[in-house]
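Remarks on the structure that follows.
This structure is a prediction, so every number in the text was calculated from the model and none was measured. What you see below is based on every heavy atom in this structure, not just the backbone, and it leaves out hydrogens, waters and symmetry mates.
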Amino acid sequence: MVTEITEGVKVSVEAIYQPEYSNPENEHFMFAYKITIENMSSYNVQLLRRHWFIFDSNGTHREVEGEGVIGQQPLITPGECYEYVSGCNLKSDMGSMQGSYQMLREFDGVIFDVIIPKFHLIPDHKLN
């Protein structure tokens, strides 16, 4: 698990290879990742947008942007955590992801970026 704190918002990520949804013979490797966003600040924050950079060890790079996460733009109160699970497919068995969330601080309307720390997408059997 990797963690990063930006302006009182803590983002933790854990990635898991999904062999049951992968097909290595056809260059399809599926990974799930669980994100926990904890509001350690004194103010309500709302997640507005996501911006991902996805790197595949075959040399492919992708960029993904969009509103919210998994169809939601959660409002996270002080001390509250928001968790979600999503996925990413690669054409090779190793890669990484990193990015940022655009957040709105509710009390003053300030929009700021929260870092999503770089995490690796590697099947467990490759680590041995």
> With side chains defined as the heavy atoms from C-beta onward, is the minimum distance between Ile35 and Val69 less than 4.5 Å?
Replying inline: no

> Parallel under 30°, tilted from 30 to 60°, perpendicular over 60°: which one fits the rings of Phe31 and Tyr17?
Replying inline: tilted

> Do Ile116 and Phe112 sit in the same hydrophobic cluster, where Ile, Leu, Val, Met, Phe, Trp and Tyr count as joined when their side-chain heavy atoms come under 4.5 Å apart?
Replying inline: yes

> Do Ser12 and Thr36 have side-chain N/O donor and acceptor atoms under 3.5 Å apart?
Replying inline: no

>> Between Ile122 and His120, does the side chain to side chain contact (heavy atoms under 4.5 Å, CB included) criterion hold? Intermediate values first, please.
In response: CA-CA 6 Å; Ile122 303 172; His120 297 284; 3.9 Å; yes

> So how far is it from Phe53 CZ to His61 NE2, rounded to the nearest 0.5 Å?
Replying inline: 11.5 Å

> For the side chain of Ser92 and the backbone of Met94, is there at least one donor-acceptor N/O pair under 3.5 Å apart?
Replying inline: yes

>> Applying the side chain to side chain contact (heavy atoms under 4.5 Å, CB included) criterion to His51, which one of Gln102, Gln98, Glu63 satisfies it?
In response: Glu63

>> Within this structure, what is the CG-CG distance for the pair Asn58 and Asp93, rounded to the nearest 0.5 Å?
In response: 10.0 Å

> Are any of the side-chain heavy atoms of Val9 and Ile37 separated by less than 4.5 Å?
Replying inline: yes

>> Would you compute the distance between atom CD of Glu38 and atom CD of Glu83 and round it to the nearest 0.5 angstrom?
In response: 10.0 Å

> Which distance, rounded to the nearest 0.5 Å, do you find between the OG of Ser86 and the CH2 of Trp52?
Replying inline: 8.0 Å

> Hey, what's the ring geometry for Phe119 with Tyr33, parallel, tilted or perpendicular (30° and 60° as the breaks)?
Replying inline: tilted

>> Would the distance check show the side chain of Gln46 and the main-chain N or O of Gln73 forming a donor-acceptor pair, the cut-off being under 3.5 Å?
In response: yes

> Taking all atoms of both residues into account, what is the closest heavy-atom pair of Ile70 and Val85, and its distance?
Replying inline: CG2-O, 3.9 Å

> Is there a side-chain contact between Glu106 and Leu75, using heavy atoms and a 4.5 Å cut-off?
Replying inline: yes

>> Could you see if Val11 belongs to whatever hydrophobic cluster contains Ile111? Use Ile, Leu, Val, Met, Phe, Trp, Tyr and a side-chain cutoff under 4.5 Å.
In response: no

> Going from NZ on Lys118 to OG on Ser96, what distance comes out if it is rounded to the nearest 0.5 angstrom?
Replying inline: 4.5 Å

> Where do Ile54 and Cys88 come nearest, in terms of heavy atoms and distance?
Replying inline: CG2-SG, 3.7 Å

> If we ignore angles and hydrogens, is there a donor and acceptor under 3.5 Å between the side chains of Tyr84 and Gln72?
Replying inline: no

>> Once rounded to the nearest 0.5 Å, what's the spacing between atom CE of Met30 and atom CG of Leu121?
In response: 10.0 Å

>> Can you give me the closest heavy-atom contact between Asn89 and Arg62, atom names plus distance?
In response: O-NH2, 2.5 Å

>> Hydrogens and angles aside, do Asp113 and Ser100 bring a side-chain donor and acceptor to less than 3.5 Å of each other?
In response: no

> Is the closest side-chain heavy-atom distance between Leu47 and Val45 below 4.5 Å?
Replying inline: no

> Does some side-chain heavy atom of Met103 sit less than 4.5 Å from a side-chain heavy atom of Leu48?
Replying inline: no

> Hey, is the main chain of Gly95 close enough, under 3.5 Å, to the side chain of Ser57 for a donor-acceptor pair?
Replying inline: no

>> Looking at Arg49 and Glu65, would you say the former's side chain and the latter's main chain have a donor-acceptor pair under 3.5 Å?
In response: no

> Between Val13 and Tyr82, is there a shared hydrophobic cluster once you connect ILVMFWY residues whose side-chain heavy atoms come closer than 4.5 Å?
Replying inline: yes

> Quick one: are Leu90 and Thr60 in side-chain contact, heavy atoms under 4.5 Å?
Replying inline: no

>> Using a 3.5 Å distance criterion without hydrogens, assess whether the side chain of Arg105 forms a donor-acceptor pair with backbone atoms of Val110.
In response: no

> Hey, does the side chain of Asn39 reach the backbone of Ile76 with a donor-acceptor pair shorter than 3.5 angstrom?
Replying inline: yes

